[in-house]
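Some notes on the structure that comes next.
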Amino acid sequence: MKTSYEESGFQLFRGAWPREEIGALGDMAYDLLTPYRGKILRQNGQLEFNQFLPQDGYQHWGTDHGSYTVLISNPILNGHISLPEGLEPLSQGLRRLITSPALFERLHGLDGAKHYTVHQTILFIASQTTGMHLDSWSVDTAPHGFSHTVWIPLQDMTQESGVPCVVPWPRDKVVTEAELGLSSDLSFGERYDRYQTALAKRIADSSPIIVTSFMRQGDFMAWSSLTPHCTLPSRPRYARRVSLQLLLRPSHMRWGNFATQPAELTPDRAEKVSDRFSFIV
Ligand SMILES: O=C(O)CCC(=O)C(=O)O
Ligand SMILES: [Fe+2]
């Protein structure tokens, strides 16, 4: 494992892809998705119509107008696997990006793995209001801390964009529920909520340093499943922020999540899509 990643739990990569290609993908995402009137699979796992910011009453198709926007607020889940008719070029573009040699080489440089399994992508059109959390609760390796979140801006980011930031954190540092004074006899959802709240307080009380970047098209950031992170506010309140998040793990590793750490390799319905990448389908 690369030492700085081991120690700080994140890595910023500059110029991984040609900036024009990334900009074109971001513009395609915005231009195809915004006018789309059908249902698409969303982050909540449901097929839903676009919801626009700041609220439905302000919907105005096609272009941004004055103090209101046409920004889609409900992000798209696993667009790299499939998207409805008419949106296929976007699906192909996402697939090309997340199976690119440029991504593989950089992840390989972090942890030396030879193949990665992509568990999820989320495509954002607008900035999120994500509180402090760990992605380990979504997916993690067993033992903890070897799966990565890759966050790819599909446009240039500025101080107005509402970028995610990380708290530098040793890659293998687990703060258990017991350490936070929490029991683990509730439902998964309740455990998750209580854990994030308690962890956020613990971190805030340490006056944390946070790290982010006004990334340019072609850059990306990776952080470990145990690295706490949140989203900074955007300005004006709703800013276009086209970006892609992916969760992946070295394929050879056992996996589960924060609460479940299997002793055996879990069959995962992964489909090999290249020498270097598989997708959970
Ligand atoms: O896109 C963001 O602002 C943060 C999303 C997030 O939590 C993640 O990428 O893991
Ligand atoms: Fe996250």
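In what follows, every heavy atom counts, from backbone to side chain, and hydrogens, waters and symmetry copies are set aside. All ligand and atom numbering here is 1-based and tracks the order in the structure.
Proximity of a side-chain donor or acceptor of Gln43 to a complementary backbone N or O of Ile122 within less than 3.5 Å is not detected. The main-chain N or O of Thr158 is found under 3.5 Å from a side-chain atom of Ser161 such that the two form a donor-acceptor pair. In terms of modelled atom types and a separation under 3.5 Å, the side chain of His115 and the main chain of Ser278 share a donor-acceptor contact.
Closest heavy-atom contact between Met157 and Arg216: O-NH1, 3.6 Å.
Qualifying side chain to side chain contact (heavy atoms under 4.5 Å, CB included) partners for Asn74, counting only residues two or more places apart in sequence or in other chains: Arg42, Glu48, Gln51, Ile72.
For Phe146 and Trp255, the gap between ring centers reaches or exceeds 6.0 Å.
Here the side chains of Lys173 and Thr227 are not in contact, with every heavy-atom distance at 4.5 Å or above.
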Present, as a list of atom pairs with distances to 0.1 Å, all nitrogen or oxygen contacts under 3.5 Å between ligand 1 and the protein.
from: ligand 1; atom 1: 1 (O); to: Trp151; atom 2: NE1; distance (Å): 3.0
from: ligand 1; atom 1: 1 (O); to: Arg241; atom 2: NH1; distance (Å): 3.4
from: ligand 1; atom 1: 1 (O); to: Arg241; atom 2: NH2; distance (Å): 2.8
from: ligand 1; atom 1: 3 (O); to: Thr231; atom 2: OG1; distance (Å): 2.6
from: ligand 1; atom 1: 3 (O); to: Arg241; atom 2: NH1; distance (Å): 2.8
from: ligand 1; atom 1: 7 (O); to: His133; atom 2: NE2; distance (Å): 2.9
from: ligand 1; atom 1: 7 (O); to: His229; atom 2: NE2; distance (Å): 3.2
from: ligand 1; atom 1: 9 (O); to: Gln245; atom 2: NE2; distance (Å): 3.3
from: ligand 1; atom 1: 10 (O); to: Asp135; atom 2: OD1; distance (Å): 3.3
from: ligand 1; atom 1: 10 (O); to: Asp135; atom 2: OD2; distance (Å): 2.8
from: ligand 1; atom 1: 10 (O); to: His229; atom 2: NE2; distance (Å): 3.1
from: ligand 1; atom 1: 10 (O); to: Gln245; atom 2: NE2; distance (Å): 3.0

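Every pair passing side-chain hydrogen bond (donor to acceptor under 3.5 Å, both in side chains) that includes a residue from residues 18-29 is listed here, sequence neighbours excluded: Arg19-Asp156, Asp27-Arg240.
Listed by chain and number, His133 NE2, Asp135 OD1, His229 NE2 are the protein N/O/S atoms closer than 2.8 Å to the Fe ion (ligand 2), with waters left out.
For the pair Arg171 and Asp111, the salt-bridge criterion is not met [side-chain N within less than 4.0 Å of a carboxylate O].
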